[in-house]
Amino acid sequence: MAMPASRNIAPAPTRTTAQKLLDWYDIHARQLPWRHPPGAGCHPDPYRVWLSEVMLQQTGVSAVTPRFLRFVERWPDLSALAAANEADVMAEWAGLGYYARARSLIACAKTLVDQYGGIFPRTEPELARLPGIGPYSAAAIAAIAFGEQTIPIDANILRVVARLFAIETPLPAAKGAVATAAARLWPSMRAGDFAQALMDLAARHCTPRAPDCAPCPMRADCAAARHGLAATLPRKATKPPRPMRHGVALWVVRQGKSGAAGGAQVALITRPARGLLGGMRALPGPPWQVVAALPAPPELLQGRHLGRVRHIFTHFALTLDVVAADESALPAGDAPPIWWPLDQIDAAGLPTLFARAAALARAAMD
DNA sequence: AATGCGGGGCT
DNA sequence: AGCCCAGCATT
């Protein structure tokens with residue numbers, strides 16, 4: 001394979017580069033609830049490492065931390081999670097996004113209990129066979145929870161390595177070169193600490209937009225810093241524009257049966273298990289349509305227009321009109337709705353889009 | 001190799 | 001308004 005475009009003319013970073021970072025990490029490691037501090041002498045709980053890695057897939061530490069603490073308080077170990085009600089787990093995950101992660105998490109817990117005696121395998125290839133654990137997470141769990149000498153490469157580590165070696169090939173083509181460079185950089189011990197050290201450096205100093213190179217312990221060894229390229233790496237192919245979709249969410253309220261539990265109820269559905277917001281509860285409504293321009297609200301009066309919610313997904317922008325409607329407006333052919341107590345809507349586990357639509361609807365009804 | 005899949009916080 | 005993030009599964 002040809003070497004990547006690189007300005008790594010000076011001697012390649014050596015093992016001392018890694019040692020500099022480990023020394024920095026021993027002082028500056030972030031304290032996180034799924035971690036043991038460096039030098040603790042034992043590895044953190046694999047259950048917590050696994051859960052944190054899954055939550056952290058495409059999700060930031062600040063968003064994950066409170067949700068992680070809530071989750072482990074509710075299900076403190078693997079057996080508790082494997083025995084959990086699946087709808088409860090999905091509702092607990094609501095708002096975190098990428099809901100296939102939660103379904104894989106449940107499947108993985110059951111697999112571990114049923115086929116592995118409730119014990120995590122400790123090698124990278126075994127871990128990578130489990131649901132929701134891919135190449136990165138398998139390597140990360142093996143290194144952090146079991147001390148295996150693996151090389152997890154996430155977006156943070158990729159960024160730091162691309163800069164250290166001034167790899168100018170655009171992503172995703174640069175991944176092979178980054179893996180080769182990372183293997184050269186990696187120390188022969190403390191693989192887990194080294195991975196987490198790279199992540200902490202990436203979060204604190206080697207940031208995507210405006211890296212702060214002055215405090216970096218590896219600055220002297222960084223080819224990008226020498227060439228003033230740090231802020232421009234890694235390079236990325238330009239992304240296509242985001243198309244627009246439009247939808248209608250129905251707000252259908254009925255009076256519950258009289259009695260102690262009586263009260264207003266709102267119609268919810270459970271979305272299909274696969275696909276967008278899969279397996280999550282939602283407001284009913286017809287399928288969303290791709291549009292070139294938004295329809296004016298008066299065109300969609302199947303009921304009283306309560307307001308509009310705009311929501312950005314990864315690959316399209318949605319405008320959702322929330323409409324108060326009669327029970328007869330529910331899409332024919334759908335399964336019967338779940339009649340959820342209106343005063344407990346916050347406990348329904350709605351993903352953010354529908355939580356915002358419901359909040360808007362309740363405000364508009366007052 | 002490319003695509004689908006959330007959401008919030010940053011600039 | 002765009003870019004970013006402790007990626008994975010599917011095709």
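Residue numbering restarts at 1 for every chain, and letters A, B, ... go by the order of the sequence lines.
- Note: A:Trp50 and A:Tyr47 have tilted aromatic rings, judged against thresholds of 30 and 60 degrees for the angle between ring planes.
- Nearest-nucleotide mapping onto DNA chain B: of A:Arg209 and A:Leu277, the residue sitting toward the 5' end is A:Leu277.
- B:dT3 sits 24 Å from C:dA6 when the P atoms are compared, rounded to a whole Å.
- For the OP1/OP2 pair of C:dC5 and a distance below 4.0 Å, the side-chain nitrogens and oxygens of A:Lys236 include at least one atom meeting the criterion.
- For the C1' atoms, the distance from B:dC5 to C:dC5 is 14 Å, rounded to whole Å.
- Ring geometry, A:Phe71 versus A:Trp93: the interplanar angle exceeds 60°, so the pair is classed perpendicular (tilted spans 30 to 60°).
- Figure legend: A:Arg219 and A:Trp24 shown without cation-pi pairing, the cationic atom not lying both under 6.0 angstrom from the six-membered ring centre and within 45 degrees of its axis.
- Of the side-chain N and O atoms in A:His315, none sit less than 4.0 angstrom from OP1 or OP2 of B:dT3.
- Residue A:Leu198 is classed as having no contact, given no heavy-atom separation below 4.0 Å to the nucleic acid.
- Taking for each of A:Pro172 and A:Ser62 the nucleotide of DNA chain B with the nearest heavy atom, the 5'-most of the two is the partner of A:Pro172.
- Within the structure, every side-chain polar atom (N or O) of A:Gln57 is placed at least 4.0 Å from both OP1 and OP2 of C:dG7.
- Side-chain atoms of A:Arg101 do not come within 3.5 Å of backbone N or O of A:Gly132 as any donor-acceptor pair.
- With respect to the salt-bridge test (charged N to carboxylate O, under 4.0 angstrom), the residues A:Asp193 and A:Arg190 qualify.
- At the phosphate of B:dG8, OP1 or OP2 sits under 4.0 Å from a side-chain N or O atom of A:Thr352.
- Between C:dG7, C:dC5, C:dA6, one nucleotide has an atom nearer to the side chain of A:Pro208 than all others, and that is C:dC5.
- In this structure, the CD1 atom of A:Ile312 is 9 Å from the P atom of C:dG2, given to the nearest Å.
- In terms of phosphate contacts, A:Tyr99 brings a side-chain nitrogen or oxygen within less than 4.0 Å of OP1 or OP2 of B:dG7.
- Residue A:Pro135 is in sugar-phosphate contact alone, with no base atom involved, counting any heavy-atom pair closer than 4.0 Å across all strands shown.
- With DNA chain C read from its 5' end, the first of the two nearest nucleotides for A:Gly132 and A:Arg159 is the one closest to A:Arg159.
- Closest to the side chain of A:Arg274, from the set B:dG7, C:dT10, C:dA6, is C:dT10.
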